[in-house]
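Within every chain, numbering begins at 1; the chains are lettered A, B, ... in the order of the sequence lines, protein sequences first and strands thereafter. Values below: every heavy atom of this structure, side chains too, minus hydrogens, waters and symmetry copies.
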There are 2 protein chains.
Amino acid sequence: MIKCVKCGEVDAIAKSGIIRGKQRFYCKRCDYYFTQPSLLSPETHHHRRHQTTIMDIASALQISKSTVSRALQGHSDINANTRKAVLDMAHQLDYQPNLLALGLAKSRSFTLGIIVPEFINSFFPYIIIGAQQVANPAGYHVIICQSNESLDTEIANTNVLMASRVDGVVASVTAETKSLDHFHKFQRAGIPLVMFNRICDGLDVSKVLVDDYDGAYRGVEHLIQQGCTRIAHLAGPQNLQVGKQRLQGYLDALRKYGLPVYDELIVYYNLTKTSAQAAARQLLELPTLPDSIFAVNDPAAIETILIAKSKGIKIPSELAIVGFSNEPTSALIEPGLTTLAQPLDEIGKTVVQLLLHEIESEDDVLVPRTEILKTQLIVRGSSLRKPLVS
Amino acid sequence: MIKCVKCGEVDAIAKSGIIRGKQRFYCKRCDYYFTQPSLLSPETHHHRRHQTTIMDIASALQISKSTVSRALQGHSDINANTRKAVLDMAHQLDYQPNLLALGLAKSRSFTLGIIVPEFINSFFPYIIIGAQQVANPAGYHVIICQSNESLDTEIANTNVLMASRVDGVVASVTAETKSLDHFHKFQRAGIPLVMFNRICDGLDVSKVLVDDYDGAYRGVEHLIQQGCTRIAHLAGPQNLQVGKQRLQGYLDALRKYGLPVYDELIVYYNLTKTSAQAAARQLLELPTLPDSIFAVNDPAAIETILIAKSKGIKIPSELAIVGFSNEPTSALIEPGLTTLAQPLDEIGKTVVQLLLHEIESEDDVLVPRTEILKTQLIVRGSSLRKPLVS
DNA sequence: CTGTTAGCGCGTTCAT
DNA sequence: ATGAACGCGCTAACAG
């Protein structure tokens with residue numbers, strides 16, 4: 001039983017939205033808005049969290065929330081004065097749209113998910129920055145998940161992104177990811193997915209890659225041109241395309257130049273630091289040392305350099321080394337690490353461009369696209385035995 | 001005008017939820033559930049995104065969504081068979097709760113925001129990993145924002161987090177952040193905020209810091225013990241407590257040991273790489289060189305080493321260097337960089353623990369807490385002129 | 001140009 | 001033990 005606080009009327013009372021947690025009423029008889037006295041003490045009430053809503057703006061201005069909504073969205077058929085009043089009030093009340101409500105209403109969260117195996121090395125961070133540079137201006141923000149090279153965590157990440165109703169997903173899988181069931185969820189739910197760098201077979205989605213085969217080939221070719229003949233490969237996991245392609249580039253370069261392939265010169269590692277150290281030790285403790293090593297990535301190459309140095313092996317004269325990715329540390333270490341630079345920023349941007357294309361496409365059937373970017377050989381001291389031929 | 005597809009009845013038709021985008025009906029006369037034939041072609045309809053909801057589970061099982069909701073939450077007063085059926089169906093339909101709806105209904109997003117200036121160096125990534133290790137088990141997930149050392153981006157980040165209705169925020173500000181208006185928003189909205197590492201004055205919130213003063217003091221003391229007397233300081237921005245505290249530790253160590261303070265030996269930088277290089281050059285081009293440099297952090301120390309080496313200055317004999325933070329690169333560079341290690345993992349965990357405490361506190365008034373963690377001096381070649389006294 | 005209404009998916013009284 | 005009804009904040013379709 002609500003009584004008008006002004007005239008005492010009981011029957012002509014209508015509800016009129018809720019303000020700051022309190023029900024607001026309107027007395028039709030005396031044209032008066034009021035709220036029911038709160039039962040909570042003022043302090044307690046103050047502690048109650050509340051962020052401004054369009055309803056707050058609406059009742060402050062005595063207009064309907066639809067009008068507020070339209071004004072805020074820049075709808076054209078709205079009175080200029082009304083719009084200004086709304087925008088001013090929104091600013092005054094420090095209004096921030098509730099993205100939860102917005103997402104629920106539009107069935108779109110304007111959020112992209114990005115899953116990376118780690119972000120300790122600067123490889124993925126640079127890609128993420130590139131991704132954000134495209135996503136943010138387009139009105140999307142990004143949830144970053146790191147699987148920490150663990151398949152279980154990766155699966156948990158996909159569930160979180162599903163639950164968050166992201167509009168699209170960008171992913172680079174862990175070294176131990178072989179089955180892709182957890183990614184099929186996105187396809188079943190119609191959520192576009194684009195993979196980059198670390199992909200595995202069996203998923204028909206758009207991809208952004210660098211030409212790993214070509215990069216590896218050129219890296220090994222460079223070693224050959226430096227006079228190396230007994231070239232080892234510290235290889236990556238073979239469930240990942242990166243691992244396979246770079247191994248293939250290595251093999252083909254050897255064959256092309258008529259060098260023999262020795263099985264004991266190919267060792268595999270699982271992308272963890274300890275595994276890299278073990279693999280490097282294995283190569284550097286062979287009865288007959290290799291004269292050079294092509295490592296599948298820079299972190300592995302750097303561990304190799306450290307171990308070689310600790311063993312007193314001279315780089316590059318006794319052992320030349322080439323890595324892959326041009327991590328910032330590869331310029332710091334001595335000697336500098338020869339490596340294949342990847343266009344990280346461009347990878348990040350391209351991934352999100354492909355993703356947004358799919359999200360905003362009206363087409364029923366989307367043909368997955370694959371973008372392949374070029375790598376660039378950066379020659380530093382770790383491989384330089386002869387002056388470079390230009 | 002809806003007609004029962006079974007008996008043709010028109011009047012006894014009730015709406016019964018919506019399944020996969022289609023309105024579902026119930027004929028009271030013949031006890032038959034049906035959906036209206038879709039006007040869309042099957043393919044188009046299939047393309048329509050849909051993720052399983054409790055309503056889908058409910059109508060698959062012919063029960064109400066309230067029951068499903070309760071079963072899913074593990075409510076006690078629910079029939080064991082019903083619960084099992086619900087859980088099985090949820091699994092079968094690959095149900096993931098809609099966090100947008102959940103957040104809207106409960107006015108809590110179960111999301112924490114974390115703002116860092118950058119994540120190219122591994123300092124912040126390690127802290128983020130520690131933060132996630134506490135947040136995730138507690139049922140929260142984390143939105144990571146990077147301000148890229150830009151105040152404007154930082155302000156935008158705070159707005160995104162406000163709009164996402166995060167339950168709490170963890171932040172480390174940019175080098176150019178002086179005013180804190182954009183953080184006051186969180187306080188006004190009753191959203192707990194905890195700051196770490198980079199804080200500035202004028203915000204009465206909980207904080208997690210390392211003992212910067214003490215670390216700086218011990219770093220400089222170490223240089224003095226190595227026989228250095230003309231010790232320079234490559235200092236950080238003085239709007240940040242880190243910058244001030246480390247400068248103060250430097251000054252007090254000099255005074256304590258009776259060494260003079262030369263103004264020209266204190267140069268400031270704004271935490272960007274180019275600024276670090278400029279500052280290092282300034283010090284290394286003085287008419288009388290310093291015999292050692294205490295840098296406010298490792299990136300600055302490393303730039304200093306590189307420039308010193310390029311100038312042929314011998315480290316540590318002509319120039320000893322001490323950094324701060326124990327970045328992984330400080331172990332790689334030659335000579336190894338002496339530095340003060342910070343417990344990054346612990347910082348991340350502590351920050352989120354404080355934050356969760358505030359979020360879940362029932363108290364009206366929260367007394368901000370400040371946790372100060374210890375640093376550890378790691379001595380490497382960059383400062384080692386004498387054998388260490390144990 | 002503006003107000004009214006329904007519904008997005010979920011938890012939560014209030015009934016039964 | 002279960003169902004119906006409401007509201008969280010917002011957009012959009014439908015009336016004027």
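- Between the OH atom of A:Tyr95 and the C1' atom of D:dG9 there is a distance of 8 Å, rounded to whole Å.
- We find the CD1-NZ distance between A:Ile191 and A:Lys185 to be 10.0 Å, quoted to the nearest 0.5 Å.
- Proximity of B:Ser69 to the phosphate of C:dG11: a side-chain N or O atom is located under 4.0 Å from OP1 or OP2.
- In this structure B:Ser179 satisfies the side chain to side chain donor-acceptor pair (under 3.5 Å) test with no other residue, sequence neighbours excluded.
- B:Arg165 contributes no side-chain N or O that, together with a main-chain N or O of B:Leu104, makes up a donor-acceptor pair within less than 3.5 Å.
- Mapping A:Arg165 and A:Lys65 onto DNA chain C by nearest heavy atom places A:Lys65 at the nucleotide closer to the 5' end.
- Remark: B:Ser64 pairs with B:Ser66, B:Thr67 by the side chain to side chain contact (heavy atoms under 4.5 Å, CB included) rule, at least two apart or across chains.
- If you take NE2 of B:His50 and C1' of C:dG9, they are 10 Å apart, rounded to a whole angstrom.
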Exercise for the section: Under the side-chain contact (heavy atoms from CB on, under 4.5 Å) rule, what do B:Val166 and B:Leu112 come out as? Steps first, then yes or no, please. Expected result: CA-CA 5 Å; B:Val166 291; B:Leu112 307 181; 5.9 Å; no

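- Counting any heavy atom pair closer than 4.0 Å across all strands shown, B:Ile63 reaches sugar-phosphate atoms only and no base atom.
- With rounding to the nearest 0.5 angstrom, the CG atom of B:Asp167 is 10.0 Å from the OG atom of B:Ser107.
- Distance alone, capped at 3.5 Å, places no donor-acceptor pair between the B:Asn148 side chain and the B:Ser150 backbone.
- The backbone N or O of A:His357 lies less than 3.5 Å from no partner atom in the side chain of A:Ser361, so there is not a single donor-acceptor pair.
- If you measure from atom CG of B:Asn98 to atom P of D:dG9, you get 16 Å, rounded to the nearest angstrom.
- Contact check, A:Thr53 against D:dG9: no side-chain N or O comes under 4.0 Å of OP1 or OP2.
- B:Ala171 approaches B:Leu193 most closely through the heavy-atom pair CB-CD1, 4.3 Å.
- From one end of the helix from C:dC1-D:dG16 to C:dT16-D:dA1 to the other, with five pairs defining each end axis, the axis direction shifts by 50° (rounded to 10°).
- Rounded to an integer number of Å, the gap from B:Arg108 CZ to D:dG9 C1' is 18 Å.
- In the region residues 73-87 of chain A, proximity to DNA chain D at under 4.0 angstrom, judged on heavy atoms, holds for A:Gln73.
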For residues 88-102 of chain B, which side-chain N or O atoms pair as donor and acceptor with protein atoms under 3.5 Å away, sequence neighbours left out?
| from | atom 1 | to | atom 2 | distance (Å) |
| --- | --- | --- | --- | --- |
| B:Asp88 | OD2 | B:Lys84 | NZ | 2.7 |
| B:Gln96 | NE2 | A:Asn159 | OD1 | 3.0 |
| B:Asn98 | OD1 | B:Leu100 | N | 2.8 |
| B:Asn98 | OD1 | B:Ala101 | N | 3.1 |

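- Between the CG atom of A:Leu72 and the P atom of C:dT2 there is a distance of 14 Å, given to the nearest Å.
- For the pair B:Val68 and B:Ala101, both in contact range of DNA chain D, the more 5′-proximal nearest nucleotide belongs to B:Val68.
- Under the 3.5 Å distance criterion, the side-chain polar atoms of A:Ser69 are left unmatched by any main-chain donor or acceptor of A:Lys65.
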Nucleotide N/O to protein N/O under 3.5 Å, stretch nucleotides 14-16 of chain C:
none

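- Comparing D:dC8, C:dG11, D:dC10 by their closest approach to the side chain of B:Ser107 singles out D:dC8.
- With hydrogens and angles ignored, a donor-acceptor pair closer than 3.5 Å exists between the side chain of A:Ser66 and the base of C:dT4.
- Taking only distance into account, the side chain of B:Thr67 never meets the base of D:dA1 through a donor-acceptor pair shorter than 3.5 Å.
- Phosphate proximity of D:dA12 to A:Lys106: present, with a side-chain N or O under 4.0 Å from OP1 or OP2.
- Between B:Gln51 atom CD and C:dG9 atom P the separation is 10 Å, expressed in whole Å.
- In this entry the distance linking CD1 of B:Ile57 with P of C:dG11 reads 10 Å, nearest Å.
- Nucleotide C:dT5 holds its P atom 13 Å from the CE atom of A:Met55, rounded to whole Å.
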Handout entry: Derivation and outcome, side-chain contact (heavy atoms from CB on, under 4.5 Å), residues B:Ile128 and B:Gln132
Key = CA-CA 6 Å; B:Ile128 293 172; B:Gln132 287 182 322; 4.2 Å; yes

